[in-house]
Amino acid sequence: MADLPAILKIYGHARELMARNGNPTQWGSTFPREEMVREDIEQRRTMLLVDTVDGEERVLAQFALCPGADPTYANIDGAWLDDDPYVTIHRIASSGLARGAARDCINWAIEHYGNVRADTHPNNKAMQHVLESNGFARCGLIQLLDRPTDTTRIAYQRHEW
């Protein structure tokens with residue numbers, strides 16, 4: 001919980017960056033809400049990429065790592081690579097302090113879990129590039145269950161056999 005202010009600041013930075021790069025609706029001005037971020041921390045889903053500069057720790061990037069079947073992924077217009085157990089990366093955001101921080105987070109998840117799924121907004125070209133350049137396959141389209149509008153997402157999976 002001590003990192004909550006830094007995490008919220010990074011999500012704010014990510015929302016601004018997405019809006020400037022033609023993707024103002026994926027997270028809008030409020031997603032993820034503080035309650036969701038707190039729940040991620042309490043449920044031990046929050047993963048932080050950190051470094052230390054002059055003895056001070058800084059958060060470079062963060063994401064929620066969610067084990068188990070994701071209800072949002074039950075229905076896909078397309079096909080997953082397999083039905084094996086997987087983890088999902090959600091709410092990834094970089095502080096902008098280090099180049100390639102999101103890529104490093106994704107690679108960590110692949111190295112530790114092998115079978116990883118993620119999704120992103122059709123307008124989020126930057127995240128599509130990061131996922132595809134890290135060997136993720138575009139599997140189809142899914143519909144978010146937790147939002148009333150703008151719910152179509154491109155679904156990705158990478159499985160290290």
Worksheet, complete the sentence: Residue pairs passing the ring pair (Phe, Tyr, Trp, His ring centres under 6.0 Å) test with at least one member in residues 50-73, sequence neighbours excluded, are Tyr73-Trp80
Worksheet item: Looking at residues at least two apart in the chain, or sitting in another chain, which of them share a side-chain hydrogen bond (donor to acceptor under 3.5 Å, both in side chains) with Glu16?
Response: none
Item to complete: Tell me, please, which residues at least two apart from Arg138 pass salt bridge (Lys or Arg N to Asp or Glu O under 4.0 Å).
Response: Glu132
Discussion item. Just verifying a value: how many Å separate Leu17 CG and Ile10 CD1, rounded to the nearest 0.5 Å?
Written reply: 12.5 Å
Fill in: Qualifying residues under side-chain hydrogen bond (donor to acceptor under 3.5 Å, both in side chains), relative to Ser29, sequence neighbours excluded
none
Discussion item. Listing request: all salt bridge (charged side-chain N to carboxylate O under 4.0 Å, His left out) pairs with a residue in residues 104-122, at least two apart in sequence or in separate chains.
Written reply: none
Worksheet item: Does Tyr86 have any ring pair (Phe, Tyr, Trp, His ring centres under 6.0 Å) partners at least two apart in sequence or in another chain, and if so, which?
Response: none
Item to complete: Could you pull out all residues at least two apart from Arg45 that satisfy side-chain hydrogen bond (donor to acceptor under 3.5 Å, both in side chains)?
Response: Glu39, Asp40
Worksheet entry | Contacts of type salt bridge (Lys or Arg N to Asp or Glu O under 4.0 Å), residue Glu35, not counting sequence neighbours | none
Worksheet item: What pairs with His159 under ring pair (Phe, Tyr, Trp, His ring centres under 6.0 Å), at least two apart in sequence or on another chain?
Response: Trp161
Discussion item. Once rounded to the nearest 0.5 Å, what's the spacing between atom CZ of Arg103 and atom OG of Ser133?
Written reply: 4.0 Å
Worksheet, complete the sentence: Residues pairing under salt bridge (charged side-chain N to carboxylate O under 4.0 Å, His left out) where one sits in residues 52-66, two or more places apart or in two chains, turn out to be Asp51-Arg58
Worksheet item: side-chain hydrogen bond (donor to acceptor under 3.5 Å, both in side chains) with Gln26: which residues, sequence neighbours excluded?
Response: Asn23, Asn124
Practice prompt. Please collect all ring pair (Phe, Tyr, Trp, His ring centres under 6.0 Å) contacts where either partner lies in residues 91-113, sequence neighbours excluded, each pair once.
Written response: Trp108-His112
